[in-house]
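Numbering of ligands and ligand atoms starts at 1, following listing order.
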Amino acid sequence: MGTTALVGDRQWVPLVTGGEVRRLDLDYAATAPCATQVRDAVDEILPWYGSVHRGDGFPSAVCTELQEACRESVRAFTGARPDDTVIFTRNTTDSLNLLAHALPEDCEVFGFATEHHANLLPWERRTVHRLPVPESPEHALVLLDAALAAAVRGAGGGRGSRLVTLAGASNVTGEVWPVAELARVARRYGARIAVDAAQLAPHRPLDMTGWDVDYVAFSGHKLYAPYGAGVLVGRPDWLDAAPPYLVGGGATRHVDLPTVAWAPSPQRHEAGSPNFLGNYALATACEVLHAPLRSGLVEEEERLTALLERELARIPGLCLHRMWDGRHPKVGTVTFSVRGREPGLLSAALSAEYGIAVRTGRFCAHPLVKHLLGEGHDSGSAVRASIGCGITEQDIIDFAWALARLVERGPAWSYRAEGARFVPDPDPRPMPQLRHGAQVRLRAAERREEAPRAPVGAGCGG
Ligand code: PMP
């Protein structure tokens, strides 16, 4: 899918049963592979690497110039307003914590119980109106309207600020939220709206201005740019009024203790030397994806997502989990469970015996997963497969075939439980031969030698 080439795509990986296969990565929702264009851009700039806003050498001039240009690439990608601030962070979690830190004291927060923990937990210092899992997108509008109306009628005569915060797309079900419609509801009550776009940004064009959304946050590593940067984009006023998120060099205009004059955002919240390479990688990914997201990538991904759902639905005992009925749009993420099969064992065996990477667990969205699985569910966890650039129809067919085989026959290897995860026992797969980091490699090998052994027999769950 898509024309974006990926680093490590179809790389050979070892199997516990012997030999190697070309790996199939279906875990884009956790972290996406690096786009070669992003890697090449970083390699190209490395010889020019220098301190940002901190040096007079030529590399510093180059990197300082580029760091500011990166903000413009992000601004274009998000459809932000000209006066929105673009603050570089570590990831979405960092961005949302920064926004939570910057909320006015009187701000009440509104959000659904469906959120990833990164968009569930940072707000807890404020009054939070936690809305239940809606039965449909239309129901979400009704729930939000009612909650905001009640708050406006309530104590304080509706004075004070309000923030609605929601994911653009669910990291569990891939379902896309009606962001623009929810923003309209928020506006009716004078509330602002923040979108956790960690899962939306890699799959749909963002349009902060058109949707009338105040803040957007996302991570580089889910956007084919795994160099440790994220971003918060949005209205500067609350951010400029808040104390700096981190205090230190770069966030100040002038220090004459005890007096400190803090810089406005973005510098106000970016103390310390920036992760220039990460920011550059993220901005490059924004540029690389901007056009494809507006010309064909979305449709292609929708087609493959539908194929994925159809293929999985044919597997006996497999249940696809969704919040809403199948009419509603979704990005290429599916969560499922298979009757009588331990999700962690399926996921471990897919990797160890077929070279296919998926994820198992509760996906840092425990309340939503609990809701989707229902109380009586065997393990409380599920399996998630997620697609993105580089995935083909054949990949989906291969995945469905491998899963069906595993469900039918059970694993061919033994696995032991390690917390909620399963790992092959023994695990004869050699670590990759890396040229650098000799000590790190040695320690990894020692760790594998020392691993405690409490095997679960072959065929468990099969
Ligand atoms: N929000 C959503 C919807 C996510 O899927 C994730 C990552 N799974 C996050 C926030 C947190 O992203 P990060 O780990 O990059 O901070």
Closest protein heavy atom to [atom], given as residue, atom name and distance to 0.1 Å:
| atom | answer |
| --- | --- |
| atom 14 (O) of ligand 1 | Thr93 OG1, 3.9 Å |
| atom 5 (O) of ligand 1 | Gln199 NE2, 2.6 Å |
| atom 4 (C) of ligand 1 | His116 CD2, 3.3 Å |

| field | Identity of the nearest option to atom 15 (O) of ligand 1, non-hydrogen atoms only, from Ala229, Ser219, Gly228 | value | Ser219
| request: Using a strict cut-off of 4.0 Å, indicate which atoms of ligand 1 neighbour a heavy atom of Ala118. | output: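 Per the distance check, 10 (C), 11 (C).
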| request: In plain terms, say whether Asp214 and Arg187 are close enough for a salt bridge, that is, a side-chain N and a carboxylate O under 4.0 Å apart. | output: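 Salt bridge present between Asp214 and Arg187.
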| request: Quick one: look at Asp196 and ligand 1, take heavy-atom pairs under 4.0 Å, and tell me if it's side chain, backbone, both or neither. | output: side chain
| said: Please classify the Glu115 to ligand 1 contact at 4.0 Å (heavy-atom distances, strictly less than): side chain, backbone, both or neither. | reply: neither
| task | Check whether more than 12 heavy atoms from other residues, nucleotides or ligands sit under 6.0 Å from atom CD of Glu44, and answer yes or no. | result |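 No, the 6.0 Å shell around CD holds no more than 12 heavy atoms from other groups.
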| Side-chain donor-acceptor pair present, His321, Thr173, cut-off under 3.5 Å | no
| message | If the test is side chain to side chain donor-acceptor pair (under 3.5 Å), which one of Glu302, Lys330, Glu301 qualifies with His203? | response | Glu301
| said: Quick check on Lys222 - does any of its heavy atoms sit under 4.0 Å from an atom of ligand 1? | reply: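 Lys222 counts as a contact of ligand 1 under the 4.0 Å cut-off.
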| said: Ring-plane angle category for Phe110 and His129, please: parallel below 30°, perpendicular beyond 60°, tilted otherwise. | reply: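 Rings of Phe110 and His129: parallel, as their planes differ by under 30°.
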| request: Using the six-membered ring wherever Trp is involved, compare the ring planes of Trp177 and Phe112 and label them parallel, tilted or perpendicular (cut-offs 30° and 60°). | output: tilted
